[in-house]
There are 2 protein chains.
Amino acid sequence: MVSPKRELRKVGLTVTMSRIKVLDVLASAQTESRHLRAEEIYKCLMSTGDSMSVGTIYRVLAQLEMAGLVVRHNFDTGQARYELAGDDRHDHMVCMDSGEIIEFRDQQIIEQQKRIAKEQGYELVDYRLVLFVRKDIRTEKSVGGI
Amino acid sequence: MVSPKRELRKVGLTVTMSRIKVLDVLASAQTESRHLRAEEIYKCLMSTGDSMSVGTIYRVLAQLEMAGLVVRHNFDTGQARYELAGDDRHDHMVCMDSGEIIEFRDQQIIEQQKRIAKEQGYELVDYRLVLFVRKDIRTEKSVGGI
DNA sequence: ATGATTGCAAAACATTTGCATTCTA
DNA sequence: TAGAATGCAAATGTTTTGCAATCAT
């Protein structure tokens, strides 16, 4: 994210402190590959003295998501997690032991999905893919009995 | 599902009216390839005169899920949807126009995922895959700019 | 100035839980 | 009969929203 202000203008949103602050928090979290919940963004802002109401955070996130600047995830059942949308579309794997979230990109899997959709007479518009993984200890295991 | 009672005993759950009724509703919904929300199960039971508290429905669904008799999905952000667990592991695509949910099975995509996990030094334990699709009208479109 | 944005608190919503009652084995 | 399951309602946790005050252009 070059400049929050520029990004906001580019997508037709007015430049406000709230939006800039939320983008800043997400940007700094991104360098650590973190995916934040609204509550975490709120606490993060509070800790730096930037107060903002939770309601506003949700509103800002919704607007940024609609504008395509932010992506919302639902890894687990529970709270949504947010991250900056980059040029690089990627998916996630979640380590079931450590809770660590690993990002990955794989063109092949997207092609497969397009193929599957087409086989049913549909066109792929979007998808959600999350892999639940464990450190590879050379154990032969299958998924869902397959 | 051969017999709800037998299934319940098999997984070590006592046979109660609530559990049987919920399994029945899910079984009849399954023939229409429906994935029900707790609220829908509740209404379905009410409409046939079988009253059951919402709290119980959630408790029963949680138990059935832990026992492996039921699978919980989170297609959209919002309420969870439940379906009977069958022997056949399958994934879903959601039509963005009609809201229709199509089930599909594809071994190739699972192999791809195993490969991706392994490339990162992990072992695939489970995954969530949902394709968002639209009736194929021969429009060339790409996903996420890819 | 004016329309969009925000704070605040209440509302909405799905889901969970405590406790007394009822049911299963 | 004992222990598990249920109804009911209150509690929870996340997210949304109405309205008056404030801000961006």
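The figures that follow rest on heavy atoms only: side chains count, while hydrogens, waters and symmetry mates do not. Predicted, not measured: the structure shown is a model, and the values here were computed from it. Each chain gets a letter, A, B and so on, in the order its sequence line appears, and its residues count up from 1.
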- Query: Under the salt bridge (charged side-chain N to carboxylate O under 4.0 Å, His left out) rule, what pairs show up with a residue in residues 8-31 of chain B, not counting sequence neighbours?
  - Reply: B/Glu7-B/Lys10, B/Lys21-B/Asp50
- Hey, does A/Ile109 have a side-chain heavy atom less than 4.5 Å from the side chain of B/Leu129? no
- Which angle, rounded to 10°, do you find between the first-five-pair axis and the last-five-pair axis of the helix from C/dA1-D/dT25 to C/dA25-D/dT1? 40°
- Message: From the set C/dT6, D/dC8, D/dT14, return the single nucleotide nearest to any side-chain atom of A/Gln79.
- Response: D/dT14
- Query: So which of A/Glu119, A/Lys118, A/Gln120 actually passes side chain to side chain contact (heavy atoms under 4.5 Å, CB included) with A/Tyr122?
  - Reply: A/Gln120
- Task: Ignoring the backbone of B/Ser53, work out which of D/dT6, D/dG7, C/dT6 is nearest its side chain.
- Result: D/dG7
- Query: Whole-Å distance between C/dA9 C1' and A/Met52 CE?
  - Reply: 18 Å
- For nucleotides 16-25 of chain C, read 5' to 3', which letter fits each nucleotide if B means a protein heavy atom sits under 4.0 Å from the base, S means only the sugar-phosphate is that close, and - means neither? BBB-----SS
- Starting at CD of B/Glu40 and ending at C1' of C/dA14, how long is that distance when rounded to a whole Å? 13 Å
- Query: Can you tell me how far C1' of C/dA14 sits from CD1 of B/Ile57, to the nearest Å?
  - Reply: 13 Å
- Query: Roughly how many Å is it from CG in A/Asp50 to C1' in C/dG7, rounded to a whole number?
  - Reply: 15 Å
- Query: Please give, in whole Å, the distance from C/dG7 P to A/Arg19 CZ?
  - Reply: 12 Å
- Task: In whole angstrom, give the distance that lies between atom CG of B/Leu45 and atom P of D/dG7.
- Result: 10 Å
- Using only side-chain N and O atoms of A/Ser18, determine if any of them is under 4.0 Å from OP1 or OP2 of C/dT5. no
- Message: Between A/Asp91 and A/Arg128 (salt bridge meaning N to carboxylate O under 4.0 Å), is one present in this structure?
- Response: no
- Query: Whole Å only: how far is the OH atom of B/Tyr42 from the C1' atom of C/dA14?
  - Reply: 15 Å
- Item | NZ/NE/NH1/NH2 to OD/OE distance under 4.0 Å, B/Arg89 and B/Asp126 | yes
- Message: For the CD atom of A/Gln113 and the CE atom of B/Met93, what is their distance to the nearest 0.5 Å?
- Response: 9.5 Å
- Note on the structure: Between B/His35 and the options B/Arg72, B/Glu103, B/Glu40, the side-chain hydrogen bond (donor to acceptor under 3.5 Å, both in side chains) test singles out B/Glu103
- Query: Quick one: does B/Val94's side chain get under 4.5 Å of B/Ile102's, heavy atoms only?
  - Reply: no
- Rounded to the nearest angstrom, tell me the gap between atom CG in B/Leu61 and atom C1' in D/dT6. 14 Å
- Mind checking whether B/His92 and B/His90 have parallel, tilted or perpendicular rings, split at 30° and 60°? perpendicular
